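Fair warning: this is a prediction, and the values are worked out from it, not measured in the lab. Chain identifiers are assigned alphabetically (A, B, ...) following the order of the sequence lines, protein sequences preceding nucleic acid strands; residue numbering begins at 1 within each chain.
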There are 2 protein chains.
Amino acid sequence: MDPNASRSSAGRSRGHATIHDVAAAAGVSVATVSRALRGLDRVNETTRERVFAAADELHYVASPSASSLASGRTGVIGVAVPFGDRWFFATVLSSIARRVRAEGYQVMLLDLEQQGQHEKRLPLTSDMLAKRLDGIITVNIAVTGAETALIDRLGIPLVSVGTRVPGRPLVRIDDAAAARLATEHVVALGHTRIGYVGRVPPQSAGLTTPAHRFEAFSEVLTEHGISVRSAWVLGSDWTMDDAFRDATTLLTRAQRPTALVVGSDEMAFGVMNAARRLGVQVPSDLSVVGIDDHPFSDVLDVSTVRQDVVGQGLAAAEILLPALRGRRQDPSLIHTSEIRLIERGSTARPG
Amino acid sequence: MDPNASRSSAGRSRGHATIHDVAAAAGVSVATVSRALRGLDRVNETTRERVFAAADELHYVASPSASSLASGRTGVIGVAVPFGDRWFFATVLSSIARRVRAEGYQVMLLDLEQQGQHEKRLPLTSDMLAKRLDGIITVNIAVTGAETALIDRLGIPLVSVGTRVPGRPLVRIDDAAAARLATEHVVALGHTRIGYVGRVPPQSAGLTTPAHRFEAFSEVLTEHGISVRSAWVLGSDWTMDDAFRDATTLLTRAQRPTALVVGSDEMAFGVMNAARRLGVQVPSDLSVVGIDDHPFSDVLDVSTVRQDVVGQGLAAAEILLPALRGRRQDPSLIHTSEIRLIERGSTARPG
DNA sequence: CTGAAAGCGCTTACAG
DNA sequence: CTGAAAGCGCTTACAG
């Protein structure tokens with residue numbers, strides 16, 4: 001029996017043609033098939049055409065496992081997020097996926113949310129990384145020392161978004177500048193009774209965004225000789241629900257701010273709704289400014305500081321891609337995505 | 001030179017121990033390492049412990065590529081969505097990922113959104129499926145005949161969510177029942193001037209959800225002797241923005257409905273905001289009821305028909321999992337996820 | 001420009 | 001319970 005024939009029929013019986021089937025059909029060696037199909041140099045044009053024809057005919061697709069094993073590359077990029085179902089993370093993830101598929105890469109979702117716990121995410125482990133991913137993008141993940149060591153040992157290129165991973169490129173917005181823009185906006189309108197929503201407790205340490213934004217808020221007030229009243233600084237767990245609850249409590253008090261700077265638009269929605277329920281008019285009784293320009297903010301008429309979330313995903317992909325091809329990364333690279341104030345109807349002069 | 005020693009050092013120089021290194025360290029064959037580590041029967045307990053110790057010591061993780069090539073299984077599930085960044089899809093995706101990782105599966109995101117185009121998604125191709133995925137879950141994807149043929153040929157188990165893929169299990173809510181609940185709610189409140197938002201144009205054909213919901217709405221009105229006025233049936237592209245625009249036009253007319261049934265909560269937010277801007281009071285001038293129970297709907301006080309999106313993701317995973325282990329699927333299985341009316345502040349008696 | 005052959009690192013019957 | 005060996009399907013120097 002011809003070994004080629006037996007291989008060929010075996011391939012077909014499982015519904016999958018192999019490179020041997022294509023080679024046989026095209027009358028060339030498997031090495032030539034491999035080169036032709038991957039568009040490498042030094043393949044005769046006529047030969048290449050014959051190979052493509054045979055491959056088409058047989059519905060041939062190279063086995064990713066076999067390619068990976070032989071080449072050491074998997075063609076897969078992991079995207080690690082703390083919550084896969086929230087707007088910011090879903091948007092970054094999706095934009096990365098759309099960018100890298102043009103280069104032939106697939107995206108694996110590493111959703112690190114821990115069932116019950118909100119503070120404690122799953123760790124990045126060898127199981128999810130080793131020999132599986134060509135690169136990783138972390139989105140607001142405070143990577144631990146042990147994890148960094150692991151990733152170093154595995155030699156996987158990494159780009160961080162939002163919260164920085166030490167020694168790796170970073171894509172972000174200038175959180176302090178964003179909070180400054182928002183705060184200066186209400187100060188410029190003449191407000192002096194100003195509160196803040198979104199100061200997270202210290203256990204969320206490692207995440208730099210909430211801390212930077214609150215600090216910048218405080219600085220701006222101080223620069224203008226306005227005191228930060230701790231009773232007007234709300235925590236909230238960076239969700240709409242929490243902001244709604246906290247704002248309801250605050251706005252029921254006798255002493256109320258005339259403006260609230262809010263760390264995210266989703267929280268701003270909660271604040272505005274609390275105000276509406278209590279009959280506090282926005283913006284005449286209370287100005288509210290957020291950060292994000294969430295897709296709902298336009299329709300809900302929320303003043304905010306816009307950030308380009310899709311753009312940050314694209315930028316991260318753009319930085320990772322060359323590293324996947326072996327080019328050395330600049331570990332100190334920081335790509336700062338543009339922001340800008342968008343004045344809408346939720347802010348006005350006090351009174 | 002001892003071939004094992006050379007292998008071992010080669011492994012270490014690349015930062016990756018192989019199964020040979022572990023076998024050498026534990027003093028057993030690679031076959032035994034493979035069995036021990038995967039928890040197969042017929043391995044002596046002492047041997048197993050030695051193998052685990054050696055594997056730990058060497059930070060050994062089996063190469064997924066090599067395992068896949070040898071076993072034919074990849075441990076990866078693809079989740080295909082039309083828009084990875086929208087709430088419904090991100091939520092389903094994330095819940096699937098969290099469910100299947102407990103069984104050792106990873107999730108690959110197949111975001112089929114086409115850059116500029118909203119109507120036309122990317123096709124499912126062999127490149128993304130063949131020899132790469134053990135199973136697929138499609139979420140509101142109208143799979144074409146060619147795609148079904150491809151998936152059949154590749155022999156990949158598939159579970160569909162929302163829009164059905166012929167001959168495959170389906171997880172969904174009863175869309176007609178949901179729209180019925182919503183519509184009957186406003187009818188029961190005494191409304192007779194009722195409009196609908198979310199009737200999509202026929203080019204989105206294949207997606208069953210929008211059509212089923214609108215049909216059920218029409219049926220309920222007819223059953224109650226209420227006529228469907230086409231001027232009060234709005235299209236909108238199932239986004240908040242579009243619903244806002246369309247509702248603004250409608251509510252500016254002299255002849256206005258007193259209630260609107262809206263195909264999704266996101267659109268309902270847009271409608272309510274259009275009303276607010278125009279000074280149309282919700283619910284006294286206009287009742288609005290949506291479908292979904294979006295995470296924002298509670299705070300925004302929107303009456304709606306709740307569906308369990310996380311639960312649908314889990315159910316799809318639960319159905320796919322046994323099929324991955326080779327168990328035959330029931331191609332006619334339909335898992336219908338529960339729904340229920342949630343009355344909030346956006347609906348009331350007319351006038 | 002092309003081919004033969006080694007090698008990537010596992011799993012899986014098959015023996016024992 | 002364990003091992004030797006074949007095989008999974010590619011890629012990549014190495015020759016020519």
Side-chain angles (χ1 to χ4, degrees), chain A residues 3-4 6-8 10-24 26-51 55 58-75 127 130-132 326, chain B residues 3-4 6-8 10-24 26-51 55 58-75 127 130-132 326:
Chain A
N4 259 342
S6 101
R7 255 191 188 129
S8 181
R12 233 161 265 171
S13 76
R14 304 183 54 223
H16 297 305
T18 74
I19 197 171
H20 284 100
D21 300 318
V22 178
V28 296
S29 72
V30 295
T32 297
V33 173
S34 177
R35 290 188 205 104
L37 257 27
R38 286 179 299 146
L40 299 190
D41 296 347
R42 324 221 150 202
V43 175
N44 180 291
E45 209 35 58
T46 316
T47 308
R48 189 188 301 278
E49 280 164 17
R50 280 219 315 284
V51 170
L58 298 170
H59 299 296
Y60 173 71
V61 177
S63 156
S65 309
S67 297
S68 301
L69 184 56
S71 72
R73 277 168 271 109
T74 62
D127 297 355
K131 306 167 191 171
R132 198 183 264 287
Chain B
N4 259 342
S6 101
R7 257 189 185 129
S8 182
R12 233 163 264 171
S13 76
R14 304 184 55 224
H16 297 306
T18 74
I19 197 171
H20 284 100
D21 301 318
V22 178
V28 296
S29 71
V30 297
T32 298
V33 173
S34 177
R35 290 188 205 102
L37 257 25
R38 286 180 299 145
L40 299 190
D41 294 349
R42 324 221 150 200
V43 176
N44 180 291
E45 210 35 60
T46 316
T47 308
R48 190 188 299 279
E49 280 164 18
R50 280 219 315 285
V51 170
L58 297 171
H59 300 295
Y60 173 73
V61 178
S63 156
S65 309
S67 297
S68 302
L69 184 57
S71 72
R73 278 168 270 108
T74 63
D127 298 355
K131 307 167 190 170
R132 198 184 265 288

What is the separation between atom [atom1] on [X] and atom [atom2] on [N], rounded to the nearest whole Å?
| X | N | atom1 | atom2 | value |
| --- | --- | --- | --- | --- |
| B:R50 | D:dC1 | CZ | P | 14 Å |
| A:R42 | C:dG3 | CZ | P | 16 Å |
| B:L40 | D:dG3 | CG | C1' | 15 Å |
| A:H16 | D:dC10 | NE2 | C1' | 15 Å |
| B:L37 | C:dT11 | CG | C1' | 13 Å |
| B:R132 | D:dG9 | CZ | P | 16 Å |
| B:I19 | C:dT11 | CD1 | C1' | 8 Å |

Non-hydrogen atoms of [X] and [Y] that approach each other most closely:
| X | Y | answer |
| --- | --- | --- |
| A:A26 | A:V51 | CB-CA, 4.1 Å |
| B:G27 | B:R50 | O-NH2, 4.1 Å |
| A:I19 | A:V30 | CD1-O, 3.5 Å |

How do A:K131 and A:V43 order along DNA chain C: which one's closest nucleotide is nearer the 5' end? A:V43
Taking B:S65 as the fixed residue, which of B:S63, B:S67, B:S68 is the one that meets the side chain to side chain contact (heavy atoms under 4.5 Å, CB included) rule? B:S63
Of the candidate nucleotides D:dC10, D:dC8, C:dT12, which contains the atom at the shortest distance from the side chain of B:L69? D:dC8
Let's see if you can work this out: which of D:dT12, C:dT2, D:dC10 has an atom nearest to the side-chain heavy atoms of A:R73? D:dT12
Hey, what do you get for [atom1] ([X]) to [atom2] ([Y]), rounding to the nearest 0.5 Å?
| X | Y | atom1 | atom2 | value |
| --- | --- | --- | --- | --- |
| B:T47 | B:R42 | OG1 | CZ | 14.5 Å |
| B:H59 | B:D21 | NE2 | CG | 12.5 Å |
| A:T74 | A:K131 | OG1 | NZ | 13.0 Å |

Applying the Watson-Crick and G-U criteria (both distances under 3.5 angstrom) with [ ] for crossing and | for other-strand pairs, one obtains for DNA chain C |||.||||||||.|||
Any residue of residues 28-35 of chain B with a heavy atom less than 4.0 Å from an atom of DNA chain D: B:V28, B:S29, B:A31, B:T32, B:R35
A:R35: partners by salt bridge (charged side-chain N to carboxylate O under 4.0 Å, His left out), with sequence neighbours left out: none
If only side-chain N and O atoms of B:T47 are considered, is one of them under 4.0 Å from the OP1 or OP2 phosphate oxygen of D:dT2? yes
Looking at B:R38, I'd like to know whether one of its side-chain N or O atoms comes within less than 4.0 Å of OP1 or OP2 on C:dC10. no
Mapping A:S67 and B:E45 onto DNA chain D by nearest heavy atom, which one lands closer to the 5' end? B:E45
Which is it for B:S29 and B:T32 under the side-chain hydrogen bond (donor to acceptor under 3.5 Å, both in side chains) test, yes or no, and what are the steps along the way? CA-CA 5 Å; B:S29 71; B:T32 298; 3.3 Å; yes
